[in-house]
Amino acid sequence: MPKKARVNDDAAGAWGSVTAAAASTGMLGAAFEANFQSIARQGQGLATPVLESLLKFSAEGGDMPEFGPGGLDVAIAALYEHDEQFIGAMRGIVTHEKDIVKAVEWWTKAAEKGNVLAQVRLANWYCANHDYLKFEHFVALAALNTPIGDKQYDAKITDALENHTSNITTKREGLKVIRDMYGLNMGDDVVEAFAAPMTCAPPHAAVNLTHHIAKCFMNGIYGIKKNLQISKDYLKLSAKLKGTKKYVEADLERLRGCAKCGGTGAWACALCKVTRYCSKECQEWHWFNGDEPHRDHCPRAETPSKYAELKKITAFDLQITSFA
Ligand SMILES: [Zn+2]
Ligand SMILES: [Zn+2]
(Lines give C-alpha, C1' and ligand atoms only; values in the text may rest on other atoms or scores of the structure.)
(Ligands and ions follow the chains in the order given, each with its own letter.)
Protein backbone atom coordinates (compact mmCIF):
# COMPACT_ATOMS: atom_id res chain seq x y z
CA MET A 1 0.00 0.00 0.00
CA PRO A 2 1.73 3.21 -1.13
CA LYS A 3 1.42 5.98 1.42
CA LYS A 4 2.57 8.65 -0.98
CA ALA A 5 1.32 9.64 -4.40
CA ARG A 6 2.53 12.59 -6.38
CA VAL A 7 -0.07 14.44 -8.40
CA ASN A 8 1.55 16.56 -11.03
CA ASP A 9 0.72 16.57 -14.71
CA ASP A 10 -0.37 13.00 -14.70
CA ALA A 11 -2.85 12.92 -11.86
CA ALA A 12 -4.65 9.99 -13.46
CA GLY A 13 -1.51 7.88 -13.40
CA ALA A 14 -0.84 8.70 -9.77
CA TRP A 15 -4.36 7.87 -8.70
CA GLY A 16 -4.39 4.84 -10.93
CA SER A 17 -1.47 3.44 -8.97
CA VAL A 18 -3.14 4.21 -5.65
CA THR A 19 -6.40 2.54 -6.62
CA ALA A 20 -4.69 -0.40 -8.26
CA ALA A 21 -2.80 -0.99 -5.03
CA ALA A 22 -5.98 -0.56 -3.02
CA ALA A 23 -7.90 -2.91 -5.29
CA SER A 24 -5.18 -5.54 -5.18
CA THR A 25 -5.38 -5.61 -1.41
CA GLY A 26 -9.16 -5.74 -1.48
CA MET A 27 -9.53 -2.32 0.11
CA LEU A 28 -11.50 -0.55 -2.60
CA GLY A 29 -15.09 -0.69 -1.41
CA ALA A 30 -18.35 1.18 -1.25
CA ALA A 31 -18.29 1.50 2.53
CA PHE A 32 -16.81 4.98 2.46
CA GLU A 33 -19.44 6.37 0.14
CA ALA A 34 -22.13 7.07 2.73
CA ASN A 35 -19.61 8.80 4.94
CA PHE A 36 -18.27 10.89 2.08
CA GLN A 37 -21.68 12.00 0.96
CA SER A 38 -22.70 13.08 4.43
CA ILE A 39 -19.61 15.21 4.90
CA ALA A 40 -19.69 16.56 1.35
CA ARG A 41 -23.17 17.94 1.94
CA GLN A 42 -21.98 19.96 4.89
CA GLY A 43 -19.48 21.99 2.93
CA GLN A 44 -20.04 24.62 0.27
CA GLY A 45 -17.82 22.75 -2.13
CA LEU A 46 -16.54 19.26 -2.41
CA ALA A 47 -12.84 19.83 -2.18
CA THR A 48 -12.46 19.93 1.59
CA PRO A 49 -14.38 16.77 2.47
CA VAL A 50 -12.83 14.86 -0.40
CA LEU A 51 -9.35 15.85 0.65
CA GLU A 52 -10.10 15.13 4.28
CA SER A 53 -11.23 11.65 3.35
CA LEU A 54 -8.11 11.09 1.29
CA LEU A 55 -5.91 12.39 4.08
CA LYS A 56 -7.57 10.07 6.56
CA PHE A 57 -7.24 7.13 4.21
CA SER A 58 -3.60 7.91 3.58
CA ALA A 59 -2.76 8.32 7.25
CA GLU A 60 -4.85 5.55 8.74
CA GLY A 61 -5.53 3.11 5.93
CA GLY A 62 -8.90 1.39 6.06
CA ASP A 63 -11.34 1.44 3.17
CA MET A 64 -10.28 3.43 0.12
CA PRO A 65 -12.75 6.35 -0.25
CA GLU A 66 -14.93 5.81 -3.28
CA PHE A 67 -16.85 9.12 -3.55
CA GLY A 68 -19.74 7.73 -5.58
CA PRO A 69 -19.85 7.41 -9.39
CA GLY A 70 -16.86 9.10 -11.00
CA GLY A 71 -15.32 9.08 -7.54
CA LEU A 72 -11.65 9.19 -8.45
CA ASP A 73 -12.29 12.02 -10.88
CA VAL A 74 -13.94 13.90 -8.02
CA ALA A 75 -10.93 13.25 -5.81
CA ILE A 76 -8.47 14.49 -8.42
CA ALA A 77 -10.63 17.56 -9.13
CA ALA A 78 -10.60 18.33 -5.41
CA LEU A 79 -6.82 18.07 -5.31
CA TYR A 80 -6.51 20.58 -8.13
CA GLU A 81 -9.18 22.89 -6.75
CA HIS A 82 -8.05 23.37 -3.21
CA ASP A 83 -5.87 26.19 -1.98
CA GLU A 84 -2.50 26.11 -0.29
CA GLN A 85 -3.94 25.99 3.21
CA PHE A 86 -5.14 22.49 2.72
CA ILE A 87 -2.19 21.55 0.58
CA GLY A 88 -0.09 22.28 3.67
CA ALA A 89 -1.98 19.56 5.49
CA MET A 90 -1.56 17.25 2.51
CA ARG A 91 2.17 17.84 2.22
CA GLY A 92 3.95 14.56 1.91
CA ILE A 93 0.96 12.96 0.24
CA VAL A 94 0.52 15.07 -2.86
CA THR A 95 2.42 17.91 -4.44
CA HIS A 96 0.77 20.07 -7.06
CA GLU A 97 -0.36 23.61 -7.66
CA LYS A 98 -3.93 24.76 -7.46
CA ASP A 99 -5.23 24.67 -11.01
CA ILE A 100 -8.88 25.56 -11.44
CA VAL A 101 -8.97 24.71 -15.13
CA LYS A 102 -7.65 21.20 -14.47
CA ALA A 103 -10.12 20.88 -11.58
CA VAL A 104 -12.94 21.69 -14.01
CA GLU A 105 -11.66 19.01 -16.40
CA TRP A 106 -11.86 16.41 -13.64
CA TRP A 107 -15.23 17.62 -12.35
CA THR A 108 -16.44 17.21 -15.93
CA LYS A 109 -15.22 13.61 -16.08
CA ALA A 110 -17.04 12.89 -12.80
CA ALA A 111 -20.19 14.67 -14.02
CA GLU A 112 -20.22 12.60 -17.21
CA LYS A 113 -20.21 9.48 -15.06
CA GLY A 114 -23.31 10.71 -13.23
CA ASN A 115 -21.80 12.30 -10.11
CA VAL A 116 -24.53 14.72 -8.99
CA LEU A 117 -22.30 16.80 -6.74
CA ALA A 118 -19.83 17.32 -9.60
CA GLN A 119 -22.75 18.33 -11.83
CA VAL A 120 -23.87 20.94 -9.28
CA ARG A 121 -20.28 22.15 -8.88
CA LEU A 122 -20.01 22.64 -12.64
CA ALA A 123 -23.39 24.40 -12.79
CA ASN A 124 -22.05 26.92 -10.27
CA TRP A 125 -18.76 27.22 -12.13
CA TYR A 126 -20.35 27.91 -15.51
CA CYS A 127 -22.88 30.28 -13.98
CA ALA A 128 -20.04 32.33 -12.50
CA ASN A 129 -18.27 32.27 -15.85
CA HIS A 130 -21.14 33.55 -17.92
CA ASP A 131 -21.88 30.33 -19.73
CA TYR A 132 -25.58 29.93 -19.02
CA LEU A 133 -26.13 27.19 -21.56
CA LYS A 134 -23.71 24.94 -19.70
CA PHE A 135 -25.15 26.13 -16.38
CA GLU A 136 -28.61 25.00 -17.47
CA HIS A 137 -27.21 21.76 -18.86
CA PHE A 138 -25.56 20.79 -15.57
CA VAL A 139 -28.48 21.90 -13.37
CA ALA A 140 -30.79 19.77 -15.53
CA LEU A 141 -28.41 16.80 -15.30
CA ALA A 142 -28.15 17.13 -11.52
CA ALA A 143 -31.94 17.34 -11.18
CA LEU A 144 -32.33 14.29 -13.41
CA ASN A 145 -29.84 12.27 -11.38
CA THR A 146 -31.07 13.30 -7.94
CA PRO A 147 -33.02 10.55 -6.20
CA ILE A 148 -36.68 11.57 -5.72
CA GLY A 149 -37.20 13.05 -2.27
CA ASP A 150 -33.49 13.64 -1.63
CA LYS A 151 -33.74 16.94 0.24
CA GLN A 152 -30.01 17.57 0.48
CA TYR A 153 -29.32 17.22 -3.25
CA ASP A 154 -32.44 19.29 -3.94
CA ALA A 155 -31.05 22.00 -1.64
CA LYS A 156 -27.80 22.07 -3.62
CA ILE A 157 -29.71 22.53 -6.86
CA THR A 158 -31.78 25.31 -5.27
CA ASP A 159 -28.53 26.95 -4.16
CA ALA A 160 -27.21 26.78 -7.72
CA LEU A 161 -30.36 28.47 -9.05
CA GLU A 162 -30.03 31.19 -6.41
CA ASN A 163 -26.39 31.65 -7.37
CA HIS A 164 -27.60 32.21 -10.89
CA THR A 165 -29.86 35.06 -9.75
CA SER A 166 -27.24 36.65 -7.53
CA ASN A 167 -24.68 36.32 -10.33
CA ILE A 168 -26.83 38.46 -12.60
CA THR A 169 -26.99 41.10 -9.83
CA THR A 170 -23.22 40.87 -9.34
CA LYS A 171 -22.60 41.42 -13.03
CA ARG A 172 -25.05 44.30 -13.29
CA GLU A 173 -23.59 46.05 -10.24
CA GLY A 174 -20.03 45.21 -11.32
CA LEU A 175 -20.44 46.81 -14.73
CA LYS A 176 -22.05 49.89 -13.15
CA VAL A 177 -19.02 50.20 -10.86
CA ILE A 178 -16.77 50.15 -13.93
CA ARG A 179 -18.97 52.67 -15.75
CA ASP A 180 -18.90 55.12 -12.83
CA MET A 181 -15.24 54.62 -11.97
CA TYR A 182 -13.94 55.15 -15.51
CA GLY A 183 -16.62 57.67 -16.44
CA LEU A 184 -17.81 55.63 -19.40
CA ASN A 185 -20.62 56.74 -21.65
CA MET A 186 -22.54 53.48 -21.40
CA GLY A 187 -26.30 53.10 -21.51
CA ASP A 188 -28.35 50.99 -19.12
CA ASP A 189 -29.28 48.81 -22.09
CA VAL A 190 -25.63 47.75 -22.39
CA VAL A 191 -25.47 46.99 -18.66
CA GLU A 192 -28.61 44.87 -18.90
CA ALA A 193 -27.41 43.07 -22.01
CA PHE A 194 -24.20 42.18 -20.19
CA ALA A 195 -25.98 41.03 -17.01
CA ALA A 196 -28.85 39.14 -18.64
CA PRO A 197 -28.74 35.39 -19.16
CA MET A 198 -27.22 34.64 -22.54
CA THR A 199 -28.93 32.49 -25.11
CA CYS A 200 -25.61 31.45 -26.60
CA ALA A 201 -22.21 30.43 -25.27
CA PRO A 202 -19.86 33.31 -24.37
CA PRO A 203 -17.54 34.27 -27.24
CA HIS A 204 -14.41 33.78 -25.16
CA ALA A 205 -13.21 31.44 -22.45
CA ALA A 206 -12.47 32.92 -19.04
CA VAL A 207 -11.55 31.46 -15.67
CA ASN A 208 -13.56 33.86 -13.51
CA LEU A 209 -15.86 36.84 -13.83
CA THR A 210 -13.11 39.48 -13.57
CA HIS A 211 -11.27 37.66 -16.36
CA HIS A 212 -14.49 37.55 -18.39
CA ILE A 213 -15.02 41.29 -17.93
CA ALA A 214 -11.42 41.91 -19.00
CA LYS A 215 -12.02 39.95 -22.19
CA CYS A 216 -15.30 41.73 -22.90
CA PHE A 217 -13.43 45.04 -22.81
CA MET A 218 -10.52 43.55 -24.76
CA ASN A 219 -12.79 42.34 -27.56
CA GLY A 220 -15.61 44.89 -27.34
CA ILE A 221 -18.68 42.64 -27.10
CA TYR A 222 -22.24 42.73 -25.67
CA GLY A 223 -22.37 46.36 -26.76
CA ILE A 224 -19.37 47.18 -24.54
CA LYS A 225 -16.91 49.51 -26.26
CA LYS A 226 -13.44 48.05 -26.59
CA ASN A 227 -11.12 49.53 -23.97
CA LEU A 228 -7.67 48.05 -23.41
CA GLN A 229 -7.00 50.11 -20.29
CA ILE A 230 -9.99 48.65 -18.49
CA SER A 231 -9.12 45.23 -19.87
CA LYS A 232 -5.61 45.51 -18.49
CA ASP A 233 -6.82 46.67 -15.06
CA TYR A 234 -9.23 43.75 -14.85
CA LEU A 235 -6.64 41.24 -16.00
CA LYS A 236 -4.37 42.44 -13.21
CA LEU A 237 -7.23 42.16 -10.73
CA SER A 238 -8.08 38.68 -11.95
CA ALA A 239 -4.44 37.62 -11.71
CA LYS A 240 -4.66 38.17 -7.96
CA LEU A 241 -7.11 35.29 -7.59
CA LYS A 242 -5.62 31.98 -6.60
CA GLY A 243 -5.10 29.38 -9.28
CA THR A 244 -5.99 31.65 -12.18
CA LYS A 245 -2.87 33.75 -12.59
CA LYS A 246 -1.23 31.74 -15.35
CA TYR A 247 -4.35 31.85 -17.56
CA VAL A 248 -4.74 35.57 -17.09
CA GLU A 249 -1.02 36.12 -17.66
CA ALA A 250 -1.36 34.87 -21.23
CA ASP A 251 -3.87 37.65 -21.96
CA LEU A 252 -1.71 40.22 -20.19
CA GLU A 253 1.23 39.11 -22.35
CA ARG A 254 -0.89 39.62 -25.46
CA LEU A 255 -1.68 43.16 -24.33
CA ARG A 256 1.99 43.77 -23.68
CA GLY A 257 2.97 42.61 -27.18
CA CYS A 258 3.10 44.72 -30.33
CA ALA A 259 -0.45 45.42 -31.51
CA LYS A 260 0.66 45.14 -35.15
CA CYS A 261 3.02 42.17 -35.34
CA GLY A 262 2.81 40.52 -31.90
CA GLY A 263 6.51 41.15 -31.27
CA THR A 264 7.99 42.57 -28.09
CA GLY A 265 5.90 45.57 -27.10
CA ALA A 266 8.82 47.75 -26.05
CA TRP A 267 7.03 51.06 -26.65
CA ALA A 268 3.54 52.18 -25.72
CA CYS A 269 1.28 54.60 -27.58
CA ALA A 270 2.15 58.03 -26.15
CA LEU A 271 -1.51 58.97 -25.80
CA CYS A 272 -3.11 55.97 -24.10
CA LYS A 273 0.05 54.29 -22.78
CA VAL A 274 -1.71 50.94 -23.14
CA THR A 275 -1.37 49.79 -26.74
CA ARG A 276 2.17 48.59 -27.32
CA TYR A 277 4.50 48.39 -30.32
CA CYS A 278 7.84 46.84 -31.15
CA SER A 279 8.91 49.71 -33.37
CA LYS A 280 8.04 53.12 -34.77
CA GLU A 281 7.10 51.44 -38.07
CA CYS A 282 4.47 49.23 -36.43
CA GLN A 283 3.13 52.16 -34.43
CA GLU A 284 2.76 54.35 -37.52
CA TRP A 285 1.16 51.60 -39.54
CA HIS A 286 -1.32 50.81 -36.75
CA TRP A 287 -2.29 54.45 -36.31
CA PHE A 288 -3.84 54.55 -39.80
CA ASN A 289 -4.38 50.94 -40.86
CA GLY A 290 -5.85 47.59 -39.98
CA ASP A 291 -9.37 46.63 -38.86
CA GLU A 292 -9.23 49.19 -36.08
CA PRO A 293 -6.92 52.11 -36.89
CA HIS A 294 -5.56 53.27 -33.55
CA ARG A 295 -6.29 56.94 -34.26
CA ASP A 296 -9.99 55.96 -34.08
CA HIS A 297 -9.68 53.46 -31.24
CA CYS A 298 -7.02 54.88 -28.94
CA PRO A 299 -8.67 55.41 -25.53
CA ARG A 300 -6.24 58.36 -25.11
CA ALA A 301 -6.25 60.02 -21.73
CA GLU A 302 -10.01 59.48 -21.34
CA THR A 303 -9.50 56.25 -19.46
CA PRO A 304 -6.59 56.42 -17.06
CA SER A 305 -5.90 53.27 -15.06
CA LYS A 306 -8.05 52.84 -11.96
CA TYR A 307 -6.34 49.70 -10.82
CA ALA A 308 -5.24 51.12 -7.46
CA GLU A 309 -8.85 52.04 -6.72
CA LEU A 310 -10.28 48.90 -8.22
CA LYS A 311 -8.32 46.45 -6.13
CA LYS A 312 -9.83 47.94 -2.98
CA ILE A 313 -13.32 46.84 -4.00
CA THR A 314 -13.01 43.66 -2.06
CA ALA A 315 -16.71 42.83 -1.77
CA PHE A 316 -17.09 42.50 -5.53
CA ASP A 317 -13.78 40.72 -5.74
CA LEU A 318 -14.61 38.27 -2.96
CA GLN A 319 -17.95 37.36 -4.44
CA ILE A 320 -16.10 36.25 -7.53
CA THR A 321 -13.30 34.60 -5.60
CA SER A 322 -15.78 32.30 -3.93
CA PHE A 323 -16.44 30.66 -7.29
CA ALA A 324 -12.89 30.55 -8.52
ZN1 LIG B 1 5.52 45.26 -34.26
ZN1 LIG C 1 -3.24 54.87 -27.90
Side-chain angles (χ1 to χ4, degrees), residues 11 40-41 43-51 67-71 73-83 86 96-146 153 155-171 174 195 197-198 200-216 234 238-248 316-324:
R41 285 165 183 164
Q44 187 196 3
L46 282 172
T48 300
V50 170
L51 288 183
F67 310 127
D73 305 319
V74 165
I76 294 164
L79 291 170
Y80 276 120
E81 178 162 349
H82 224 286
D83 63 20
F86 206 96
H96 69 100
E97 286 178 11
K98 174 171 168 151
D99 188 329
I100 194 67
V101 172
K102 280 207 167 136
V104 169
E105 280 172 24
W106 288 98
W107 288 127
T108 304
K109 288 177 208 263
E112 281 166 0
K113 291 171 187 166
N115 190 295
V116 177
L117 296 174
Q119 289 161 353
V120 172
R121 181 69 189 86
L122 285 169
N124 283 325
W125 160 259
Y126 283 112
C127 173
N129 288 292
H130 226 90
D131 193 334
Y132 295 120
L133 292 186
K134 282 194 176 145
F135 162 78
E136 283 170 14
H137 169 73
F138 283 111
V139 164
L141 265 188
L144 198 67
N145 291 320
T146 296
Y153 277 18
K156 282 201 167 287
I157 292 169
T158 306
D159 284 349
L161 292 168
E162 281 171 6
N163 280 344
H164 182 228
T165 308
S166 69
N167 202 252
I168 287 172
T169 308
T170 304
K171 288 197 296 177
M198 298 294 156
C200 59
H204 43 238
V207 290
N208 55 45
L209 187 51
T210 44
H211 189 205
H212 180 68
I213 289 171
K215 289 198 142 182
C216 289
Y234 268 76
S238 187
K240 280 161 57 99
L241 303 178
K242 278 179 185 169
T244 61
K245 192 167 189 239
K246 60 185 157 185
Y247 301 101
V248 176
F316 182 51
D317 196 16
L318 281 177
Q319 213 165 344
I320 296 159
T321 311
S322 69
F323 290 107

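One is the number of the first residue; the rest follow in order along the sequence. Because only heavy atoms are used, hydrogens play no part in the values below, and waters and symmetry mates are left out as well, while side chains stay in.
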Closer than 3.5 angstrom, by distance alone: can the side chain of Ser238 be matched with the main-chain N or O of Tyr234 as a donor-acceptor pair?
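It does not hold such a pair.
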CG of Asp131 to CH2 of Trp125: how many Å apart, nearest 0.5 Å?
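Going from the CG atom of Asp131 to the CH2 atom of Trp125 covers 11.0 Å.
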Drop me the distance from Leu122's CG to Phe135's CZ, to the nearest 0.5 angstrom.
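Rounded to the nearest 0.5 Å, the CG-CZ separation comes to 12.0 Å.
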What heavy-atom pair brings [X] and [Y] nearest, and what distance separates the two atoms?
X	Y	result
Val120	Ala142	CG2-CB, 3.8 Å
Gln119	Phe138	O-CB, 3.3 Å
Ala111	Ala118	N-CB, 3.9 Å

Identify, with sequence neighbours excluded, every residue that meets side-chain hydrogen bond (donor to acceptor under 3.5 Å, both in side chains) alongside His204.
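For His204 the side-chain hydrogen bond (donor to acceptor under 3.5 Å, both in side chains) partners, ignoring immediate neighbours, are His212, Asn219.
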With a 4.5 Å cut-off on side-chain heavy atoms, are His137 and Leu141 touching?
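Of all side-chain heavy-atom pairs linking His137 with Leu141, at least one is under 4.5 Å.
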If you define the side chain from C-beta out and look only at heavy atoms, does anything of Leu133 sit under 4.5 Å from Tyr126?
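In short, these two side chains do not touch, never coming nearer than 4.5 Å.
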Return the set of residues passing salt bridge (Lys or Arg N to Asp or Glu O under 4.0 Å) with Lys109 (not counting sequence neighbours), or none when no residue passes.
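In terms of salt bridge (Lys or Arg N to Asp or Glu O under 4.0 Å), with neighbours along the sequence ignored, Lys109 is linked to no residue.
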Applying side-chain contact (heavy atoms from CB on, under 4.5 Å), can you list everything that pairs with Ala143, at least two apart in sequence or on another chain?
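For Ala143 the side-chain contact (heavy atoms from CB on, under 4.5 Å) partners, ignoring immediate neighbours, are Ile157.
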